[in-house]
Amino acid sequence: MKQIEIRLAVVLYGGVSLAVYIHGVTRELLNLIRASRQFHAERHAANGAAASDRPAPTAATDSTAVYQDLLLALAPDVDLRIVIDLVSGASAGGINGVMLARALAHDLPLESHRDLWLSNADVTQLSAPASLLSRALKAPLAPLMDQLLIRRFGPLVADAETRAKIRRFVQARWFTPPFSGDRFTGWLLDACDAMEEAVRPNGTLLPPGHRLDLFVTVTDYRGHRQRIELHDPAVVEETEHRRILSFSCHRNLSGEITSEFGPDHVPGLVFASRATSSFPGAFRPATIAEMDDVLDQRDRYWPTRQEFMTAKLGITGDLAQAAQNRYYIDGSVVMNKPFSPVIRALGDRPASREIVRRIIYVDPNPTPDVQQRTGRGAPGFFRTILASLAVIPRNEPIADDLGAIESWNKHARRLAEILDAADPEVERLVDDIIDLDPDNPPTIADVTRYRKMANEAAHRGAGYAYLSYQKLKIRSVIDQLAALLARLAGSEPDGTVCAKIGTALDRWLAAGTPPDPGAQVEDAEIDNVVRRRIRFLRGFDVAFRLRRTRFVIRRLNELYRDHEGALSALESGRVDALKAALYEAIEETAQVGHIERHGSATAAAAKRIVEAAMADSDIETPDLRVIERALGLVDIDTRLDEIISVVGFAFLPPPARRTVAIAYIGFAFFDLITFPILQWTEMDEINEVLVDRISPDDATGLQSGGITLRGTSLMSFGAFFNRAWREHDFLWGRLNAAERCIDVILSAIGPHLSTRIDPHQIRGRLFLAILDAEEPHLQADPALIPRLRQEITARYGFA
């Protein structure tokens, strides 16, 4: 059976009150992921799945059951798994991104958030209370305000509830932000606490070996100084206002979870949500002091406060002063469409099965009223200021980011072409090295010998091209080692520190090289330099080991596609066993870069190296040897050779055995070709990336022309003034997302299915399931759900 994993990276735009629509979208995306998780847990329950792998109860009437039925219908042809591993959000999208990521990391519900959004995202709840005198003095302005509103917004403000709340809003405090930041923070804490009511020990929606990353944009009002190296002057400092707060959760192959989404991190996540949505003029800028006050009022402790301020916000020095004087405002000011952190994180995502990578971006208002800026003559004084400060920056196009994705796809296609072209020659070279006797598979010692022979053959065959390859490798290793040494020594691995360490490592590698390039040198001296470089790569090139192991896994994944009929269930199980062993090796190799893995002796050696580098002194060889032994890469090589020999050659079927031989032994040839051209370290996940949008304009399953969200009115504050509008936008968020989820799934698996899937019927079932689940909760507009149900039954042929 073909195994496919759809990996979704979710990008959530800002949109003020359109946060309610975005919440509906994230609710539906979570249902899809939960359905995939439960489907696989049930399939493997007979094999003794761990407690954390067992599905949590879910409402049978909700859309989760429909997604599970779809996965079951696909199962004769495709073993499909769907995972969200990247989430990025700004402003309203940032809030929803935080809650979605928490739910994914620990298998938590979002159902309770519906009521929090519908009840609390109201101007009467958000507004800070004004004094009685202030309201009395402003009351006579109500008739004038009515006339102004009617002229500007027409029938949008005809609704009695909306008109009354606008009047009350106008009577709030002037020339000060009308919304209460501490009240909003309290609701966010309540939302996180509500999720915890259904928590399961070690619960998660992440498959083993997967990592979830969340990125939330905020604007640092005062900014932070950034050092940039130039020629003259040598260094300049610039003020950077953009902050991208990142949080992660990693589920090891053993099932152990390392997470920044648990209860200890909730205050930091809530602060990120509060800060990213601090719309200028609507909320006061967010501060750590405000967060402290809210926590104190609730008698709540923030155990990770210092770590959050230093590691996430990058604050150094007096933390108490920074808590009072560092201000953070809406993330949309600097990045309303946060594609770039997701694009940078696409690498380092290895695969255990065929991968289909999609970026889904949620744009709640894809067609804003551009008529405000075009087609009506010269803009006026206030309109120009408003457009320049708020409207235009928040709606800048994503052309640069989509261009980066296009470049990524070109590189992925080029890499595939290069590997395909190299395959026949590499196979011939590997066949000259190894002996694949079916009755006598290679031993561990044989695999080690073959690997070294392949490295030497690649060196000899490449000639002078090997010099550039080796130089690039050494440069890459120096850069990575410099950053690791800085962290081990307790320093910030910024450009200046790493450059100093890199220069010192260059001097150490060049030891023995004559000062005059034209001087005569003894062969022994040249050999000494070469030996030092080779040992340096053997001892410190972590990335090469990771590239090699992932390359073998990629080639094993191709077996499911190229030899689908030839691999029996038993043989497929053996291939899976080899991949599992290789993934454990990847996990072990990747951990050598974690500073918490190393002891005090290693840290002390690193500190001496960094101090020598900063003083422009020479590095002592014994200190580097301490770091080399701590990394233990030679031992990792030996364990990999053992895995390939015992789990690979000895038990795999012939097609897989040859695949392993070509990929593992021959990787020296492949890496020689690809590394200098495409820099493998930037593209660990070598798959094309397709982009899909979820927006009201894409809601063609029920209304062919798309829909208009109520929250787009009143300059995107509309949903704050009317509960029926919030219910409308939330429901359409779920419906839009459900429709697009089906589109993504069916386009990812392709048309070649033995079982016919009727997407029309699936969409109809999903729509009805969503209406059934939400009908008890959406009562402000009694006609909303009956009207939609009637349309669904008519369009999709349900009785």
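Note that the coordinates shown come from a computational prediction; the quantities given were computed from them, not determined experimentally.
N365 and T712 form no side-chain donor-acceptor contact under 3.5 Å, judged by distance and modelled atom types alone. No donor-acceptor contact under 3.5 angstrom links the side chains of H777 and E111, judged on distance only. T185 and D182 share no donor-acceptor pair across their side chains, judged by distance under 3.5 Å alone. If you check the side chains of T700 and E739, you find a donor sitting under 3.5 Å from an acceptor. Looking at S63 and N31, their side chains do bring a donor and an acceptor atom within 3.5 Å of each other. Side-chain contact check for R358 and S747: at least one donor-acceptor pair (N or O, by modelled atom type) lies under 3.5 Å. Neither side chain, D115 nor H113, offers a donor N or O lying under 3.5 Å from an acceptor on the other. No side-chain donor from either of T64 and Q38 sits under 3.5 Å from a side-chain acceptor of the other. No side-chain donor from either of H40 and R81 sits under 3.5 Å from a side-chain acceptor of the other. Looking at R710 and S17, their side chains never bring a donor and an acceptor atom within 3.5 Å of each other.
Here the side chains of L295 and P267 are in contact, with some heavy-atom distance below 4.5 Å. By the 4.5 Å heavy-atom criterion applied to side chains, E5 and H210 are counted as neighbours. Two residues are said to be in side-chain contact when any heavy atoms from C-beta on lie closer than 4.5 Å; R34 and Y67 fail this criterion. The shortest distance between side-chain heavy atoms of R102 and V266 falls below 4.5 Å. V83 is not listed as a side-chain neighbour of I6, based on a closest heavy-atom distance of 4.5 Å or more. Side-chain contact between V362 and Y21: present, with at least one pair of heavy atoms (C-beta onward) separated by less than 4.5 Å. At least one side-chain heavy atom of P338 sits less than 4.5 Å from a side-chain heavy atom of V11. Within the 4.5 Å cutoff, no side-chain heavy atoms of E774 are placed close to those of L735.
Taking the six-membered ring where tryptophan is involved, the planes of F279 and F717 are perpendicular, since the angle between them exceeds 60° and thus also 30°. H23 and F730 have parallel rings, their planes meeting at less than 30° on a 0 to 90° scale where 60° marks the start of perpendicular.
In this structure, CD1 on I749 lies 7.0 Å from CD1 on I757, to the nearest 0.5 angstrom. Note that the CG atom of L116 and the CG atom of L188 stand 9.0 Å from one another [nearest 0.5 Å]. Atom-to-atom distance recorded for E28:CD and D62:CG is 7.0 Å, nearest 0.5 angstrom.
Checked against W117 for a side-chain contact (heavy atoms from CB on, under 4.5 Å), the options V20, D122, D729 give a single hit: V20.
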**OP:** Assess whether side chain to side chain contact (heavy atoms under 4.5 Å, CB included) is satisfied between L29 and I84, documenting all intermediate values.
**Re:** CA-CA 9 Å; L29 291 175; I84 293 177; 4.2 Å; yes
**OP:** With side chain to side chain contact (heavy atoms under 4.5 Å, CB included) as the test, would you mind laying out the steps for F767 and L702 before giving the verdict?
**Re:** CA-CA 9 Å; F767 293 155; L702 284 175; 3.9 Å; yes
**OP:** Could you please spell out the steps behind the side chain to side chain contact (heavy atoms under 4.5 Å, CB included) verdict for R740 and D698?
**Re:** CA-CA 8 Å; R740 299 296 285 145; D698 306 315; 4.1 Å; yes
**OP:** List the steps, then state whether side chain to side chain contact (heavy atoms under 4.5 Å, CB included) holds for E196 with H106.
**Re:** CA-CA 9 Å; E196 295 290 340; H106 296 291; over 6 Å; no
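Taking the centre of each ring, W302 and F308 come in below the 6.0 Å mark. Residues F247 and H265 place their aromatic rings such that the two centres sit no closer than 6.0 Å.
Under the 3.5 Å distance criterion, the side-chain polar atoms of D330 are left unmatched by any main-chain donor or acceptor of V218.
For the pair K312 and F271, the cation does not sit on the ring face, since its NZ or CZ is not both under 6.0 Å from the ring centre and inside 45° of the axis.
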